[in-house]
Amino acid sequence: MRRSRLEELKFLEGRCRNQVLDLGIEPLQDPRRCRGAPRRAAGGGCPGSGRRSPGARPARPDAAAMAQENAAFSPGPEEPPRRRGRQRYVEKDGRCNVQQGNVRETYRYLTDLFTTLVDLQWRLSLLFFVLAYALTWLFFGAIWWLIAYGRGDLEHLEDTAWTPCVNNLNGFVAAFLFSIETETTIGYGHRVITDQCPEGIVLLLLQAILGSMVNAFMVGCMFVKISQPNKRAATLVFSSHAVVSLRDGRLCLMFRVGDLRSSHIVEASIRAKLIRSRQTLEGEFIPLHQTDLSVGFDTGDDRLFLVSPLVISHEIDAASPFWEASRRALERDDFEIVVILEGMVEATGMTCQARSSYLVDEVLWGHRFTSVLTLEDGFYEVDYASFHETFEVPTPSCSARELAEAAARLDAHLYWSIPSRLDEKTRGQTQVHGQLHLGGGGGGGGRQSPWKCAKVGKSPPPRTSSLGSSMEGRGLDFREMEGRAR
């Protein structure tokens, strides 16, 4: 078995050598075979193949030359893997980057035809608007021409004794014009219907009713499409970056929102969602999982009075998904933060929603927003030129959890160090008073010297604290407990 293994290794070595020769690279030789050969000036293979002078020591292979030769075989330094750009779930302008595919139940769109027409693009809406009127005019114009043709009105155009269904209707063009005048209630007075045509009277009533319905439907679609609240959302701006910095000693994720119009958003509220794929404990992969980011729902801070730009803050606490994320971990993570601003338009009363998103590369650690509000003579001025500007501030790179643990250790250190110092102070005072009492008893036959009492200040000896006395009686030391707490 050992011999077959050696033969297999030799076969693989020869095969690799042949592949190297085919690539045009000179193979390396075993350094043990080239140990006694002098060095060559340049080239590959052994460090040298010339003869050795008598009495000369065998030369060691040059390390630099071997490193240069090995570089031909060994691959270059591995480049760090390039981070693939994340596909946005929501674009910066609020457009959702999701397309519905393989929808087979297309009849559902026709059940809500009004919303379908409103959601169409403008060019398609205008085309449908023109076709709706043109087709109805052509349809009823064709019916008016058929009535005139069926009654024989087109054959008695010059007969003054003949009473037609519609006066002065002499062809299809005239019938089409009469259909337009009837549906739009223009009434030029040249072409009029007579009372000798009952089918024409019925058709006139039907066209008047259907024309009113077409007008109401199409005008309503165009009005709703023109007054859509998403156009109002175009003047609601979000900062281009989100920042992470300290606020009141706690790490917070912040972004800024503003309103460019003088008419305000009524009952404005803000929400934030974390979009990140995750895997459950059972192995189920959930793509684009949505997690709420608290921006003050419990305290009411999510209700905004959006008169000037506001900085929205998400406190990174134990309930936050960024609780254990440090600066380095945050830069390696892959997520998207979607922010949603909702409210009613003051002018129309319609609900408006503005959206934006932030990728990992758009979250700046250790930055803070530049102030945009200044006090002028009698009013406040907002400088939107610096709306997206930030500046660096000292911020720890650790996670919020590590920061909270460090603060807890500091509080524990202060808690245990203050009683230990008080205990040492009370011990020292007790020893001093004990020495004074002993000195007074020895010099006065058991009586205290009045001079010594006055020296002390005629005050009773201070009592040690109950905590210090109890711990002292048990033989415990606060310094030892402080070390354990650390």
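Please read these numbers as outputs of a predicted model, since none were measured by experiment. All values below come from the heavy atoms of this structure, side chains included, with hydrogens, waters and symmetry mates left out. Index from 1, following the sequence.
Side chain of Thr111 to backbone of Arg108: a donor-acceptor contact under 3.5 angstrom is found. When atom types are taken as modelled, the side chain of Ser263 and the backbone of Ala347 share no donor-acceptor pair closer than 3.5 angstrom. Under the 3.5 Å distance criterion, the side-chain polar atoms of Thr194 are matched with a main-chain donor or acceptor of Pro164. Judged purely by atom type and a 3.5 angstrom limit, Ser313 has no side-chain atom pairing as donor or acceptor with the backbone of Cys252. Here the side chain of Lys225 pairs a donor or acceptor atom with the backbone of Val118 at under 3.5 angstrom. The closest donor-acceptor contact from the side chain of Asn215 to the backbone of Gly211 lies under 3.5 Å. When atom types are taken as modelled, the side chain of Glu362 and the backbone of Leu359 share a donor-acceptor pair closer than 3.5 angstrom. A distance-only check finds a donor-acceptor pair linking the side chain of His388 to the backbone of Ser240 [under 3.5 Å]. Under a 3.5 Å cut-off, the side chain of Glu336 and the backbone N or O of Leu274 do not form any donor-acceptor pair. For Thr395 (side chain) and Val393 (main-chain N/O), a donor-acceptor pair under 3.5 Å exists by modelled atom type.
A salt bridge is absent between Glu346 and Arg232; no separation between the charged side-chain nitrogens and carboxylate oxygens falls under 4.0 Å. Ion pairing between a basic and an acidic side chain is recognised when a charged N comes within 4.0 Å of a carboxylate O; Asp93 and Arg355 show no such pairing. The pair Asp317-Arg250 does not count as a salt bridge, with every side-chain nitrogen at least 4.0 angstrom from each carboxylate oxygen.
The OG atom of Ser212 sits 10.5 Å away from atom CD of Gln207, with the distance rounded to the nearest 0.5 Å. Interatomic distance, Glu267 CD to Met344 CE, rounded to the nearest 0.5 Å: 5.5 Å. Taking CZ from Arg247 and CG from Leu253, the interatomic distance works out to 11.0 Å, rounded to the nearest 0.5 Å. Here the CG-CD distance, from Asn97 to Gln87, works out to 5.0 Å after rounding to the nearest 0.5 Å. Interatomic distance, Ser179 OG to Leu169 CG, rounded to the nearest 0.5 Å: 10.5 Å.
The heavy-atom pair separating Leu154 from Gly171 by the smallest distance is CD2-N, 4.0 Å. Listed here is the closest heavy atom pair of Val382 and Leu373: CG2-CD1, 3.6 Å. Pairing each heavy atom of Leu246 with each of Pro396, the nearest pair is CD1-CD, 3.6 Å. Taking both residues in full, the closest heavy atoms of Glu389 and Ala385 are given as OE2-O, 3.9 Å, listed atom of the first, atom of the second, then distance. Of all heavy-atom pairs spanning Arg368 and Ser245, the tightest one is NE-OG, 4.4 Å. Smallest separation of non-hydrogen atoms from Asp361 and His241: O-CD2, 4.4 Å.
Between Phe114 and Asp119 there is no side-chain heavy-atom pair separated by less than 4.5 Å. Side-chain contact check for Thr348 versus Ser227: every heavy-atom pair is 4.5 Å or farther apart. Two residues are said to be in side-chain contact when any heavy atoms from C-beta on lie closer than 4.5 Å; Ile265 and Glu342 fail this criterion. In this structure the side chain of Val295 never reaches within 4.5 angstrom of the side chain of Asp301, judged on heavy atoms. Counting heavy atoms from C-beta on, the side chains of Arg151 and Cys197 come closer than 4.5 Å. Counting heavy atoms from C-beta outward, Leu403 and Leu251 have side chains that approach closer than 4.5 Å.
With no hydrogens or angles considered, a side-chain donor-acceptor pair links Tyr358 and Ser239 at under 3.5 Å. For Trp365 and Glu331, the side-chain atoms include no donor-acceptor pair closer than 3.5 Å. Judged purely by distance below 3.5 Å, without hydrogens or angles, the side chains of Asp153 and Trp162 pair a donor atom with an acceptor atom. Donor-acceptor pairing under 3.5 Å is lacking for the side chains of Ser277 and His289. In the model, Ser357 has no side-chain atom that pairs as donor or acceptor with a side-chain atom of Glu91 under 3.5 Å.
Between Phe255 and Phe238, the ring-plane angle classifies as tilted under the 30° and 60° cut-offs. Note: Tyr133 and Trp137 have tilted aromatic rings, judged against thresholds of 30 and 60 degrees for the angle between ring planes.
For Tyr149 and Trp145, the distance between ring centers is under 6.0 angstrom.
In this structure, Phe217 places its CZ atom where more than 12 heavy-atom neighbours from other residues, nucleotides or ligands lie under 6.0 Å away. At most 12 non-hydrogen atoms from other residues, nucleotides or ligands lie less than 6.0 angstrom from OH of Tyr188. Around atom CZ of Arg95, more than 12 heavy atoms belonging to other residues, nucleotides or ligands sit under 6.0 Å away. Crowding of Phe129 atom CZ: a count of heavy atoms from other residues, nucleotides or ligands under 6.0 Å exceeding 12. No more than 12 heavy atoms of other residues, nucleotides or ligands sit less than 6.0 Å from atom CZ of Phe297. Around CZ of Phe379, the count of heavy atoms belonging to other residues, nucleotides or ligands within 6.0 Å exceeds 12. More than 12 heavy atoms of other residues, nucleotides or ligands shown are found within 6.0 angstrom of CZ on Arg278. For Tyr380, the OH atom counts as loosely surrounded, since its 6.0 Å shell holds 12 or fewer non-hydrogen atoms of other residues, nucleotides or ligands.
Seen from the ring of Phe387, Arg256 counts as a face-on cation partner, given the 6.0 Å and 45° thresholds.
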Open item on the list: Determine whether Phe322 and Ile337 satisfy the following criterion, side chain to side chain contact (heavy atoms under 4.5 Å, CB included), listing intermediate values before the conclusion.
Closed with: CA-CA 12 Å; Phe322 300 115; Ile337 300 174; 4.2 Å; yes

Task: CA sep, side-chain torsions, deciding dist, call: Asp334, Arg276, salt bridge (charged side-chain N to carboxylate O under 4.0 Å, His left out) - done: CA-CA 7 Å; Asp334 188 14; Arg276 180 169 54 184; over 6 Å; no

